[in-house]
Amino acid sequence: MKRRVREVIVVEGRYDKNALRQAVEATVIETGGFGVFKDGEKLALLRRLAAERGLILLTDSDGAGFVIRNFLKGAIPPDRLKQAYIPDIYGKERRKTAPGKEGKLGVEGMPPAVLLQALERAGAVFEDGDASRERTPITKGDFYDLGLTGGTNSAALRGAVLRALDLPERMTANALLEAVNLLYGREEFLALVERL
C-alpha cells in the first residue's frame with residue numbers, strides 16, 4: 001500500500017508525476033518546466049496550495065531543476081515549503097535515446113523507494129490510514145449544473161466564485177475546477193456557490 005502525503009508535491013513534468021505516483025499517493029502539480037515562470041495562474045494556485053496544505057519541491061538535480069526550484073523558493077513563503085532532493089545518479093531514462101545534458105537521472109528515472117526516501121528526508125507529513133481526507137470530486141458536469149460553464153452568465157458567475165475564493169480573475173474554468181478540487185470539499189464548495 002502506498003503512503004499518502006499531506007502536502008502538495010511540485011514536480012517539473014508529467015513523467016516525473018507518473019514516477020511519483022508509483023511511490024506515493026499525493027496531489028502532484030507539474031510546473032511545465034520553465035513554463036511556470038510566465039504562468040501567473042499556476043503560481044497563484046501554488047501559493048494558495050502552500051498556504052492551505054504546504055508544498056514539497058521535488059525537481060531534477062540538474063541545473064534546470066535548480067533554476068525552477070530557486071524561482072519557486074523566492075515565490076512561496078519559506079515556512080510553507082519543504083525541499084526534497086534526489087541523489088545524483090548518472091544514466092538515462094528509458095524513454096530517452098540519450099542522457100540529459102549533465103548525464104543525471106531526473107525524478108522520472110528514480111526508483112519508487114528513492115523517491116519515498118527523498119520525501120521522508122524532506123519531512124513530508126504522511127497520513128497513512130486517514131480516510132477522512134478522501135473527497136468526492138467536483139466535476140465539469142457540476143460546473144455546468146451550477147451555471148459556471150455553458151450558460152450566458154457563466155463567465156460572470158465564475159468571476160464571482162474566483163473573487164469569493166480569492167483566486168486570480170484570469171483563471172480558466174478548467175483551472176478553477178482543479179483549484180476547487182484541491183482546496184475544498186464538495187459540500188463546502190456547493191454551499192459557497194449557493195451563497196453567491
Side-chain angles (χ1 to χ4, degrees), residues 4-21 24-60 64-84 107-108 119 122-125 127 133-144 146 148-149 154-193 196:
R4 183 178 309 160
V5 178
R6 181 189 192 288
E7 296 93 346
V8 174
I9 304 172
V10 180
V11 297
E12 292 178 51
R14 72 172 181 244
Y15 294 105
D16 301 332
K17 184 177 186 175
N18 293 341
L20 195 55
R21 290 256 170 92
V24 293
E25 185 179 318
T27 300
V28 183
I29 301 286
E30 304 164 33
T31 65
F34 292 148
V36 74
F37 298 162
K38 294 180 181 176
D39 190 341
E41 283 185 11
K42 177 84 49 117
L43 197 53
L45 178 60
L46 290 174
R47 285 184 178 128
R48 183 71 183 270
L49 291 170
E52 297 278 331
R53 293 176 48 187
L55 296 183
I56 299 175
L57 289 183
L58 181 62
T59 61
D60 294 349
F66 274 87
V67 168
I68 294 166
R69 183 183 294 271
N70 289 331
F71 172 78
L72 291 174
K73 275 173 48 176
I76 307 293
D79 64 321
R80 304 303 301 157
L81 189 63
K82 296 177 181 176
Q83 304 286 337
V107 170
E108 73 173 275
L119 294 170
V125 175
E127 298 178 325
R133 300 230 20 117
E134 291 295 322
R135 294 179 174 171
T136 303
I138 299 146
T139 65
K140 287 185 177 188
D142 294 326
F143 265 32
Y144 182 81
L146 293 167
L148 294 169
T149 58
S154 294
L157 186 54
R158 274 196 316 277
V161 170
L162 289 166
R163 284 187 297 282
L165 300 180
D166 198 27
L167 291 169
E169 67 181 31
R170 296 186 185 273
M171 285 184 94
T172 63
N174 285 338
L176 176 59
L177 181 64
E178 180 182 23
V180 296
N181 273 313
L182 292 171
L183 296 168
Y184 299 95
R186 180 182 181 80
E187 276 63 35
E188 182 183 11
F189 177 71
L190 294 177
L192 180 136
V193 173
L196 295 177

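Every heavy atom of this structure was used, including side-chain atoms; hydrogens, water molecules and symmetry mates were not. We number each residue from 1, following the sequence as shown.
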How close do [X] and [Y] get, counting heavy atoms only, and between which atoms?
X	Y	value
Val107	Ala19	O-CB, 3.9 Å
Ile76	Arg47	CD1-CG, 3.8 Å
Ala164	Leu196	CB-CD2, 4.0 Å

Okay, side chain of [X], backbone of [Y]: is any donor-acceptor separation there less than 3.5 Å?
X	Y	answer
Asn181	Leu177	yes
Lys42	Glu30	yes
Arg186	Thr136	no
Arg53	Arg6	yes
Asp142	Thr139	yes
Arg163	Gly159	yes
Asp16	Val11	no
Arg158	Leu148	yes

With heavy-atom distances below 4.5 Å as the criterion, would you say the side chains of [X] and [Y] are in contact?
X	Y	result
Asn18	Glu108	no
Leu55	Leu46	yes
Leu192	Glu188	no
Phe143	Leu176	yes
Val5	Ile56	yes
Leu20	Leu58	yes
Lys17	Ile9	no
Phe189	Leu165	yes

(request) Sequence neighbours left out, what pairs pass salt bridge (Lys or Arg N to Asp or Glu O under 4.0 Å) with at least one residue falling in residues 72-82? (result)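 Qualifying pairs: Glu7-Lys82.
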(request) Using the test ring-ring contact (aromatic ring centres under 6.0 Å, His included), find all partners of Phe71 that sit at least two apart in sequence or belong to another chain. (result)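 For Phe71 the ring-ring contact (aromatic ring centres under 6.0 Å, His included) partners, ignoring immediate neighbours, are Phe37.
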(request) Take Ile29 and Glu178 through the side-chain contact (heavy atoms from CB on, under 4.5 Å) test and state the conclusion after the steps. (result) CA-CA 10 Å; Ile29 301 286; Glu178 180 182 23; 3.6 Å; yes
(request) Say whether Thr59 and Arg69, considering side chains only, have a donor N or O and an acceptor N or O under 3.5 Å apart. (result)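 Yes, side-chain donor-acceptor contact under 3.5 Å.
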(message) Run the side-chain contact (heavy atoms from CB on, under 4.5 Å) test on Thr149 and Lys140 for me, step by step, so that the C-alpha distance in whole Å, both residues' side-chain angles and the decisive distance to 0.1 Å come before the verdict.
(response) CA-CA 8 Å; Thr149 58; Lys140 287 185 177 188; over 6 Å; no
(request) Kindly check if the number of other-residue, nucleotide or ligand heavy atoms within 6.0 Å of CZ (Phe34) is above 12? (result)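 More than 12 within 6.0 Å, yes.
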(request) Would you check, one step at a time, whether the test side-chain contact (heavy atoms from CB on, under 4.5 Å) holds for Ile138 with Leu146? (result) CA-CA 11 Å; Ile138 299 146; Leu146 293 167; 5.5 Å; no
